[in-house]
There are 2 protein chains.
Amino acid sequence: MSVTEEELGLRERKRLATRRAIQFASVELASERGFDRVTVDEISHAANVSPRTFFNYFPSKESAIIGELPELPDEVTVERFVSAGPEEPILVGIAELLIMAIDDADFGGEESGDEVDGRGAHRLHELRRALFKDNPQLFAMRISSMHKFEDELSAVLERRLAHDDPELTREPEALQRRARLIMLVAFAGMRHAWTTWASRGGAGPLASLLRSSFAELQEFARSTS
Amino acid sequence: MSVTEEELGLRERKRLATRRAIQFASVELASERGFDRVTVDEISHAANVSPRTFFNYFPSKESAIIGELPELPDEVTVERFVSAGPEEPILVGIAELLIMAIDDADFGGEESGDEVDGRGAHRLHELRRALFKDNPQLFAMRISSMHKFEDELSAVLERRLAHDDPELTREPEALQRRARLIMLVAFAGMRHAWTTWASRGGAGPLASLLRSSFAELQEFARSTS
DNA sequence: CTGCAACTTTGCATAGGCTGCAATAATTGA
DNA sequence: TCAATTATTGCAGCCTATGCAAAGTTGCAG
């Protein structure tokens, strides 16, 4: 039961609607014509706002298209991951974190569509996925825009590593480096999942492909050590 | 003994010189003022060319700053990697390939500076390294511009995997996916090395940090399997 | 329900990246 | 030395993006 859009004043509801209208227009036009054959003017016109207003909502054309950035799940879930213990394979845990982080509708599985909430949101996500499938450069842009998320994930991994082996906290630098390395490997897994998904024409839920990629990662780790 | 700049006509030598002048001006001005507080006009002026000429040499301001893209070493070296055999740890081999690919001066160790060839090239590389150290975003740009290299490396890894285990060629798709996964992990290692380098203030040769990062990668692989 | 405060939308002006085109200039090879 | 090739440049123009101030909305207290 998401809180979105219930109990909001007219002002905020309008804002939400405008935001979505712009995103929708962006993604739809980019799907039809390609990212750089659409102008902000055209998008704004399709969304019934002035070009200037477009830039009040998004800092760049790109950002209107690539969608919301991932966010770590709630602290309870994070804490469960952190304290899962050293026996629990870390890659599996990370995969689940990522699946949650990257927003069900965008990345995910079932999607019970009866919520009034996500009227257009669902369709927007589908369009965006199709767009990304045909434009790897957009996926690359999306990845590049995740610096903040990278740092957050890195911090969580640090907690996990410290919890698994308290010894490590005696060398904070090494701990941090290790966390960052694992974060980068996780991102490699994410990119891999996406590549696989795209090369198969976008069939199947991304979430399960992500699990597969992380399994292959595990397998590679085994074979190389 | 590099072939560069020997036995070239006046025309090509001028072209080379102009190219370097532009790169130098770009990097120097960006160091002083930051990437987006320098205009192409200013760079062009500093390099004594018209702004229009700037864009005859580089497709974007960015590309003048980030420098040449990495290239795989010669086929002999690549073939040695491909046929190293399954007992040879693949990550070590990849690390050496990367070190060669990313251009000694840019990434590397000693650099015997007595070549007449790299008069300004050496200083340019140093400046660029310093610039990258303080601007992680530029390093990110550089990484993003390596799509072609990613594919090349992926192809080499495919050959290596097929050579190590000919069975794999019976499932070309799986082979390709595996190669790509390893390539992405290798890039993770590269980013990690660079992060470490930058966070330590740019001390020490990048090549050895790359080896360290790949060793940590190996260590992580062992610990997680 | 009125009117003020807070916020949003918009137009306008401007900077800066980037491209096509056509004129001019330099280099090369015969 | 001349003609072909290639390089440089200016110019006009399109597009993204930002600051600023005017005009329009919404929300809320009286």
task: Grab the CG-C1' distance between B:Asn56 and C:dG20 for me, whole Å please.
output: 11 Å
Lys/Arg N to Asp/Glu carboxylate O, B:Arg159 vs B:Glu79, below 4.0 Å: yes
message: Show every salt bridge (Lys or Arg N to Asp or Glu O under 4.0 Å) that has at least one partner inside residues 37-58 of chain A, sequence neighbours left out.
response: A:Arg33-A:Glu42
query: Is it true that the NZ or CZ of A:Lys61 lies under 6.0 Å from the centre of A:Phe35's six-membered ring and within 45 degrees of the ring axis?
result: yes
- request: Return the value, rounded to whole Å, for the distance between atom NZ of A:Lys14 and atom P of D:dT25.
  value: 8 Å
Sort me out a list of protein N/O and nucleotides 2-6 of chain D N/O pairs below 3.5 Å, or just none if empty.
{"unit_1": "D:dT5", "atom_1": "O2", "unit_2": "B:Arg11", "atom_2": "NH2", "d": "3.1"}
{"unit_1": "D:dT6", "atom_1": "O4'", "unit_2": "B:Arg11", "atom_2": "NH1", "d": "3.3"}

query: Salt bridge check: are A:Glu216 and B:Arg178 linked by an N-O gap of less than 4.0 Å?
result: no
field: Atom pair distance, as rounded to whole Å: CG in B:Leu29 and P in C:dG17
entry: 12 Å
Return a table of donor-acceptor pairs under 3.5 angstrom between the side chains of residues 23-30 of chain A and protein atoms on other chains or two or more places apart.
{"unit_1": "A:Gln23", "atom_1": "NE2", "unit_2": "A:Glu68", "atom_2": "OE2", "d": "3.0"}
{"unit_1": "A:Ser26", "atom_1": "OG", "unit_2": "A:Ile22", "atom_2": "O", "d": "2.7"}

query: Which whole-number value in Å describes the distance from B:Phe58 CZ to D:dA7 P?
result: 14 Å
field: Nearest-angstrom distance from the residue atom CZ of B:Arg13 to C1' of C:dA26
entry: 14 Å
query: For B:Lys14, what residues pass the salt bridge (Lys or Arg N to Asp or Glu O under 4.0 Å) criterion, not counting sequence neighbours?
result: none
- line: When rounded to whole Å, the CD1 to P distance for the pair B:Ile22 and C:dC18 reads 13 Å
- prompt: Who passes side chain to side chain contact (heavy atoms under 4.5 Å, CB included) against B:Asp36, sequence neighbours left out?
  reply: none
query: Under a 4.0 Å N-O cut-off, is there an ion pair linking B:Arg191 with A:Glu150?
result: yes
query: Should the ring pair A:Phe187 and A:Phe149 be called parallel, tilted or perpendicular, given that the plane angle runs from 0 to 90° and is split at 30 and 60?
result: tilted
message: Counting only side-chain nitrogens and oxygens, does B:Tyr57 get under 4.0 Å of the OP1 or OP2 atom of D:dA7?
response: no
field: Whole-Å gap separating P (D:dT16) and CD (A:Glu62)
entry: 12 Å
field: Residues from residues 31-51 of chain B lying under 4.0 Å of DNA chain C - heavy atoms
entry: B:Val38, B:Thr39, B:Val40
- prompt: Rounded to the nearest Å, what distance is computed from the CZ atom of residue A:Arg52 to the C1' atom of nucleotide D:dA21?
  reply: 12 Å
